[in-house]
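Values in this document were obtained by computation on a predicted structure and should not be read as measured data.
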Amino acid sequence: MNELDRNRAMISECDDVILDALAKRMKCLQDVISYKKATGMPILQPDQERRKMQAFEDKIRKSGYDEYEAELLDIFKYILRNSRRIQAKALFDYNIFLIGFMGAGKSTIARGLSEKLEMQRVEMDELIVQKQQMSISEIFDEYGELYFRNLESNCLIELQKQKQTVVSCGGGIVMREDNRDTMKQNGRVVLLTATPETILERVKDSDERPILNNHMNVDYIAGLMEKRRERYQAAADVTIQTDNKTVTEICDEIITKLIMMDNQKEEA
């Protein structure tokens, strides 16, 4: 056996050790998830993940592996992300639909939840724009609101094929009862709310809000929100107020409320 073959054989031995260690780690992770569920502890603990990452960085430096620090850290970060994904799957094996009036924060919170839970993310408006090769305003101008609402409904039907996806829905998605039923059948519906004043502040500079064309004021927004209020509430599994909260606070509140809801259903 030449030197190259010997090194390849040693690498294969290392791969076997890594495989066994990863399998053991995943088994321990499942036991941790079960314990946390049984004791009511938060399953996702960002502070613990940060401490783990810091401890790993310290271990690299103390062990004299500085030469490979960046590569080793990348591998360990991937392992931690995968652990987060496994934990999230144990919590949410369904889609999470974010609904609410335009400017309530759906896109921003969808991005935050997706990163926190390592779940896929879909922006319904963006998906429609990509498929139609037209902006939302152009669709409204050329084909009208009814055509756009049909596109939204079709998009929801297509999303039934996916799981573990955070979906940021358009503001008018709840106007059709069929849409509300489709969302509830395929996941949990989270209603994000904000005051008309907050909504105006968030959307006042946008030119992609055709419903508000020539009506960019608090009174009009408040009236439209009131018209949709009952339908939003009828669709929602949980409701989160977003005014004066950080993305992290809102995401943590969503996760906590969904876990409580799921636990209550299991106990019923």
Side-chain angles (χ1 to χ4, degrees), residues 10-98 105-123 162-168 187-188 190 238 240 245-263 266:
M10 289 176 64
I11 289 173
S12 294
E13 290 177 8
C14 290
D15 290 342
D16 290 341
V17 171
I18 292 170
L19 178 61
D20 290 341
L22 287 175
K24 183 177 180 181
R25 190 182 194 283
M26 290 184 72
K27 172 62 172 63
C28 292
L29 181 61
Q30 294 294 346
D31 292 341
V32 168
I33 292 170
S34 297
Y35 178 84
K36 287 180 177 180
K37 276 189 168 183
T39 58
M41 290 176 62
I43 290 184
L44 295 168
Q45 296 178 304
D47 289 342
Q48 171 66 10
E49 186 173 310
R50 283 191 288 271
R51 287 194 295 270
K52 221 177 228 318
M53 196 70 212
Q54 185 60 55
F56 190 74
E57 290 180 18
D58 294 341
K59 187 173 290 188
I60 288 176
R61 297 187 183 101
K62 289 178 182 177
S63 301
Y65 299 139
D66 302 48
E67 182 181 356
Y68 312 109
E69 180 175 349
E71 292 79 7
L72 291 171
L73 285 175
D74 280 345
I75 292 170
F76 194 66
K77 284 176 184 176
Y78 178 81
I79 291 172
L80 290 181
R81 285 199 303 271
N82 193 57
S83 296
R84 202 184 316 143
R85 186 181 298 113
I86 291 170
Q87 293 182 77
K89 190 173 182 179
L91 288 172
F92 313 119
D93 59 349
Y94 48 75
N95 294 333
I96 299 174
F97 296 95
L98 301 182
K106 300 183 295 294
S107 295
T108 301
I109 301 308
R111 192 175 301 112
L113 271 181
S114 174
E115 292 173 359
K116 184 179 275 286
L117 300 175
E118 290 295 329
M119 291 171 68
Q120 298 179 78
R121 176 174 63 91
V122 169
E123 291 284 337
Q162 296 184 210
K163 282 189 176 181
Q164 274 209 297
T165 301
V166 181
V167 183
S168 173
R188 302 286 184 267
V190 177
V238 299
I240 308 291
K245 293 179 183 175
T246 66
V247 172
T248 297
E249 288 172 337
I250 294 167
C251 289
D252 288 345
E253 190 174 347
I254 290 172
I255 291 170
T256 299
K257 287 193 174 183
L258 287 176
I259 291 173
M260 289 175 58
M261 176 185 172
D262 292 338
N263 287 344
E266 287 180 6

Less than 4.5 Å apart, any side-chain heavy atom of [X] and any of [Y]?
X      : Y      : answer
Ile86  : Ile33  : yes
Ile254 : Ile109 : yes
Phe92  : Leu117 : yes
Thr108 : Ile250 : no
Ile96  : Val167 : no
Met53  : Phe76  : yes

Measure the spacing between [atom1] of [X] and [atom2] of [Y] and express it to the nearest 0.5 Å.
X      : Y      : atom1 : atom2 : answer
Cys28  : Met26  : SG    : CE    : 11.5 Å
Lys77  : Phe56  : NZ    : CZ    : 11.0 Å
Leu258 : Ile240 : CG    : CD1   : 7.5 Å
Glu49  : Arg81  : CD    : CZ    : 9.5 Å
Asn82  : Leu22  : CG    : CG    : 9.0 Å
Ser63  : Leu72  : OG    : CG    : 9.5 Å

Output, in order, the C-alpha distance, side-chain angles, deciding distance and verdict of side-chain hydrogen bond (donor to acceptor under 3.5 Å, both in side chains) for Ser83 and Arg25. CA-CA 9 Å; Ser83 296; Arg25 190 182 194 283; 2.6 Å; yes
Does the salt bridge (Lys or Arg N to Asp or Glu O under 4.0 Å) test come out yes or no for Asp20 and Lys24, once each step is laid out? CA-CA 6 Å; Asp20 290 341; Lys24 183 177 180 181; over 6 Å; no
Please report the C-alpha distance between Gln120 and Ser114 in whole Å, then the side-chain angles of each, then the deciding distance to 0.1 Å, and finally whether the side-chain hydrogen bond (donor to acceptor under 3.5 Å, both in side chains) criterion is met. CA-CA 6 Å; Gln120 298 179 78; Ser114 174; over 6 Å; no
[X] versus [Y], closest heavy-atom pair with distance:
X      : Y      : value
Leu98  : Ala110 : CD1-N, 3.5 Å
Asn95  : Gln164 : OD1-N, 3.2 Å
Val247 : Gly112 : CG1-CA, 4.2 Å

Quick one: does any side-chain atom of Thr165 pair with a main-chain N or O of Lys163 as donor and acceptor, under 3.5 Å?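 Confirmed, Thr165 side chain pairs with Lys163 backbone.
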Arg51 vs Gln48, side-chain hydrogen bond (donor to acceptor under 3.5 Å, both in side chains): CA-CA, chis, key distance, verdict: CA-CA 5 Å; Arg51 287 194 295 270; Gln48 171 66 10; 3.0 Å; yes
Can the positive tip of Arg188 be found less than 6.0 Å from the middle of the six-membered ring of Tyr94, inside 45° of the ring normal?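 Because its charged atom sits under 6.0 Å from the ring centre and within 45° of the axis, Arg188 does stack over Tyr94.
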So, [X] and [Y], do they make that salt bridge, N to O below 4.0 Å?
X      : Y      : answer
Glu57  : Lys59  : no
Lys27  : Asp31  : yes
Lys245 : Glu253 : yes

Before giving the answer on salt bridge (Lys or Arg N to Asp or Glu O under 4.0 Å), spell out for Arg121 and Glu123 the whole-Å C-alpha distance, their side-chain angles and the decisive distance to 0.1 Å. CA-CA 7 Å; Arg121 176 174 63 91; Glu123 291 284 337; 3.4 Å; yes
Test side-chain contact (heavy atoms from CB on, under 4.5 Å) on Leu113 and Met119 and set out the steps. CA-CA 8 Å; Leu113 271 181; Met119 291 171 68; over 6 Å; no
May I ask you to check whether over 12 heavy atoms, not counting those of Lys257, lie within 6.0 Å of atom NZ?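 Correct, the count exceeds 12.
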